[in-house]
Protein chains: 2
Amino acid sequence: MNSCPPNRSPGCPVEGALDMIGGKWKGVVMFHLLDGTKRFNELRRLMPGVTQRMLTRQLRELEADGLVHREVYAEVPPRVEYSLTQKGETLRGIILALKDWGETHVPYYAMSKRPMPESKTA
Amino acid sequence: MNSCPPNRSPGCPVEGALDMIGGKWKGVVMFHLLDGTKRFNELRRLMPGVTQRMLTRQLRELEADGLVHREVYAEVPPRVEYSLTQKGETLRGIILALKDWGETHVPYYAMSKRPMPESKTA
DNA sequence: CGCAATAGTATACAAATTGATACTATATGC
DNA sequence: GCATATAGTATCAATTTGTATACTATTGCG
């Protein structure tokens, strides 16, 4: 967990915020929870490529950070629902802004490497 | 590099965007560049805790993603300046929103572990 | 019985990220 | 000569993150 003591750099809150939403699947999880409570497998179907393991982990971390609420029902088969907390809701604007930005600026095609770019010499 | 092919989940752009700004120091770097061009050691002094190695790396990645412009001057001692690109500028709102959010919601005190939280059974 | 549903857990491993440390090159000043 | 400035590079280690795979438990249905 990142910390932001008051004497740290003024950029530190950025770091702390990104630490909370920056895991591989966290942003996407939160995006899907924006339109309401969802169950585990529902989330999983919405996110091609995520493993059970990873989804469980990221949900638990989001829960630990107070962004996601996990509701366990005493049923069989198991029924567990996930929803954004009030704190998580405060990130709605940021998540949507990230989505908009990503749609505009993130390349569609995978690059296997990040080449070291040429830099201009003035 | 994360990719967002058109047939992926609608949450995918969020993931792609966070992949670009989510490295440990990237958000803070971009925050500091919001108020103008800066040199390597200037950035370094603004960010206690970052190593040369990490700063170089994150700057290079930001550059490769087109968010940061690196200007090398043919001088001795070396003079290299970093600034946000036009693309990078499009993230100004998000970075500032993250900072505001972090100031409000990120805990000050380090927690060495994330405990597995208790969940309510309905 | 086998299969399906649910939401995981356990274990191990791989991959990626981050960090530590020493070194590089040039010019200038003491 | 040594120290400073600049912005790195090289190499290795440590840590974190992410993934793969098999298994778990209960109930209901064919």
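By convention in this document, chain letters (A, B, ...) are assigned in the order of the sequence lines, proteins followed by strands, and residues within each chain are numbered from 1.
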Please give, in whole Å, the distance from [N] [atom2] to [X] [atom1]?
X      : N       : atom1 : atom2 : answer
L55(A) : dT9(C)  : CG    : C1'   : 14 Å
R60(A) : dA7(C)  : CZ    : P     : 12 Å
E63(A) : dA7(C)  : CD    : P     : 14 Å
R44(B) : dG19(C) : CZ    : C1'   : 12 Å
L62(A) : dT17(D) : CG    : C1'   : 14 Å
E42(A) : dA5(C)  : CD    : P     : 15 Å
E75(B) : dT28(C) : CD    : C1'   : 14 Å
E81(B) : dA7(D)  : CD    : P     : 9 Å

OP1 or OP2 of [N] versus the side-chain N and O atoms of [X]: is any pair under 4.0 Å?
X      : N      : value
Y82(A) : dG8(C) : yes
R39(A) : dA7(C) : yes
R70(A) : dG8(C) : yes

Using modelled atom types only, decide if a donor and an acceptor are shared between the side chain of E61(B) and the backbone of Q58(B) within a distance under 3.5 Å. no
Donor-acceptor pair, distance only, cut-off 3.5 Å: does the side chain of T37(A) make one with the backbone of L33(A)?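 Absent.
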Using atom types as modelled, flag every donor-acceptor pair under 3.5 Å from a side chain in residues 44-55 of chain A to any protein atom, sequence neighbours excluded.
residue: T51(A); atom: OG1; partner: M54(A); partner atom: N; Å: 3.1

With B for base contact, S for sugar-phosphate-only contact and - for none (protein heavy atoms under 4.0 Å), nucleotides 18-28 of chain D reads BBB-B---BS-
In the structure I gave you, are the side-chain heavy atoms of L84(A) and H69(A) within less than 4.5 Å of one another anywhere?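 Answer no - side chains too far apart.
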Given side chains that start at C-beta, do those of M30(B) and L67(B) come closer than 4.5 Å, heavy atoms only?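 They are in side-chain contact.
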For residues 86-96 of chain A, dump all side-chain donor-acceptor pairs below 3.5 Å to protein atoms at least two apart in sequence or in another chain.
residue: K87(A); atom: NZ; partner: D65(A); partner atom: O; Å: 3.1
residue: K87(A); atom: NZ; partner: H105(B); partner atom: O; Å: 3.3
residue: E89(A); atom: OE1; partner: R92(A); partner atom: NE; Å: 3.1
residue: E89(A); atom: OE2; partner: R92(A); partner atom: NH2; Å: 3.1
residue: T90(A); atom: OG1; partner: K87(A); partner atom: O; Å: 2.4
residue: T90(A); atom: OG1; partner: W101(B); partner atom: NE1; Å: 2.6
residue: R92(A); atom: NH2; partner: L34(A); partner atom: O; Å: 2.7

In plain terms, say whether E81(A) and K38(A) are close enough for a salt bridge, that is, a side-chain N and a carboxylate O under 4.0 Å apart. no
